[in-house]
Amino acid sequence: MNSHNSSTENALHNYKAGLGVFTEKMPELAEQYNAFTQECFKEGTLSKKQKQLIALGISLYSQDEYCIIYHTKGCLDEGCSEQEVLETIGVTAAFGGGASMSQGVTLVQEAMSELNQLKQ
């Protein structure tokens, strides 16, 4: 990995750092939250891949940039294709309009590009 961090890497680092500080100050709450989210995202009737696509759509709809990046990474980590991510953007834009579309065609595509470069 090169010494020049991408905006995606920086956002993921900032999220993890902030979560670490919160966990130090609120360990019981953080533990309960982490247990809850782990339960929500485990393999079930819906696959982990499907759950990451749903989370990406909700993140786009709610305009949560950290979650958009985090769940874009989650989608790629679970083997989602670019087409699956793009279709998720489209479905979300059907409900969230231009705001969801603008984040999808900028932030998501930038994150996918940067994350795919890190894998190489």
Side-chain angles (χ1 to χ4, degrees):
M1 194 177 344
N2 63 29
S3 61
H4 175 43
N5 289 347
S6 67
S7 59
T8 300
E9 287 177 283
N10 287 333
L12 291 169
H13 172 77
N14 291 342
Y15 175 75
K16 284 186 173 190
L19 192 57
V21 170
F22 183 84
T23 300
E24 287 176 16
K25 295 179 179 184
M26 300 290 292
E28 290 180 27
L29 193 148
E31 181 182 329
Q32 294 297 317
Y33 178 77
N34 290 335
F36 173 72
T37 58
Q38 285 176 5
E39 181 68 22
C40 291
F41 281 90
K42 76 178 188 181
E43 193 78 19
T45 303
L46 294 175
S47 68
K48 289 180 179 182
K49 179 179 174 178
Q50 291 168 319
K51 291 177 179 186
Q52 285 296 333
L53 289 165
I54 291 167
L56 176 59
I58 293 167
S59 300
L60 285 164
Y61 187 81
S62 64
Q63 298 292 292
D64 183 335
E65 290 189 14
Y66 285 101
C67 284
I68 291 169
I69 292 169
Y70 184 84
H71 291 293
T72 297
K73 182 178 184 326
C75 286
L76 296 177
D77 289 348
E78 291 300 327
C80 294
S81 68
E82 180 181 23
Q83 189 64 31
E84 288 171 315
V85 172
L86 294 176
E87 287 184 23
T88 299
I89 293 167
V91 170
T92 306
F95 287 88
S100 294
M101 180 64 88
S102 68
Q103 293 283 29
V105 301
T106 57
L107 187 58
V108 171
Q109 291 190 99
E110 178 184 350
M112 282 196 305
S113 175
E114 290 177 357
L115 290 165
N116 282 329
Q117 286 177 3
L118 290 174
K119 289 181 180 178
Q120 297 174 357

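The figures here come from the full heavy-atom set of this structure, side chains too, leaving out hydrogens, waters and symmetry mates. Since we're looking at a predicted model, the values are computed, not measured.
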message: For the CD atom on E82, are there more than 12 heavy atoms of other groups (residues, nucleotides or ligands in this structure) within a distance under 6.0 Å?
response: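 Counting neighbours around CD of E82, 12 or fewer heavy atoms of other residues, nucleotides or ligands fall under 6.0 Å, so no.
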message: Just checking Y61: does its OH atom have more than 12 heavy atoms from other residues, nucleotides or ligands closer to it than 6.0 angstrom?
response: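 Atom OH in Y61 is not packed in, count stays at 12 or less.
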query: Salt bridge between K51 and E43, side-chain N to carboxylate O under 4.0 Å?
result: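 No salt bridge links K51 with E43.
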Does a side-chain heavy-atom distance below 4.5 Å link [X] with [Y]?
{"X": "L29", "Y": "F22", "value": "yes"}
{"X": "S100", "Y": "Q63", "value": "yes"}
{"X": "D64", "Y": "I58", "value": "no"}

- prompt: Going hydrophobic residue to hydrophobic residue with side-chain gaps under 4.5 angstrom, can you get from Y66 over to M112?
  reply: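 Yes, Y66 connects to M112 through the hydrophobic network.
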- prompt: If Ile, Leu, Val, Met, Phe, Trp and Tyr residues are connected whenever their side-chain heavy atoms lie under 4.5 Å apart, and connections chain through other members, are V91 and L60 in the same group?
  reply: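 Per the 4.5 Å side-chain linkage, V91 and L60 are not co-clustered.
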query: Can a donor-acceptor pair be found between the side chains of E110 and S7 at a distance below 3.5 Å?
result: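 Distance-only check passes for E110 and S7.
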[X] to [Y] - nearest heavy-atom pair and separation:
{"X": "V85", "Y": "C80", "answer": "CG2-CB, 4.2 Å"}
{"X": "T8", "Y": "A111", "answer": "OG1-CA, 3.3 Å"}
{"X": "I89", "Y": "G104", "answer": "CD1-O, 3.3 Å"}

Taking atom [atom1] of [X] and atom [atom2] of [Y], what is their separation to the nearest 0.5 Å?
{"X": "L115", "Y": "S6", "atom1": "CG", "atom2": "OG", "value": "7.0 Å"}
{"X": "L107", "Y": "E65", "atom1": "CG", "atom2": "CD", "value": "5.5 Å"}
{"X": "S59", "Y": "Y70", "atom1": "OG", "atom2": "OH", "value": "10.5 Å"}
{"X": "I54", "Y": "L46", "atom1": "CD1", "atom2": "CG", "value": "5.0 Å"}
{"X": "I69", "Y": "Q103", "atom1": "CD1", "atom2": "CD", "value": "9.0 Å"}

Between [X] (side chain only) and [Y] (backbone N and O only), is there a donor and an acceptor less than 3.5 Å apart?
{"X": "S113", "Y": "Q109", "result": "no"}
{"X": "E84", "Y": "L53", "result": "no"}
{"X": "Q50", "Y": "S47", "result": "yes"}

query: Does any pair with a residue in residues 12-34 pass side chain to side chain donor-acceptor pair (under 3.5 Å), and if so which ones, sequence neighbours excluded?
result: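 The answer is none; no pair qualifies.
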Identify each donor-acceptor pair in which a side-chain atom of residues 71-78 lies under 3.5 Å from a protein atom, sequence neighbours left out, and give them as a table.
unit_1: H71; atom_1: ND1; unit_2: Q52; atom_2: OE1; d: 2.8
unit_1: T72; atom_1: OG1; unit_2: I68; atom_2: O; d: 2.7
unit_1: K73; atom_1: NZ; unit_2: D77; atom_2: OD2; d: 2.8

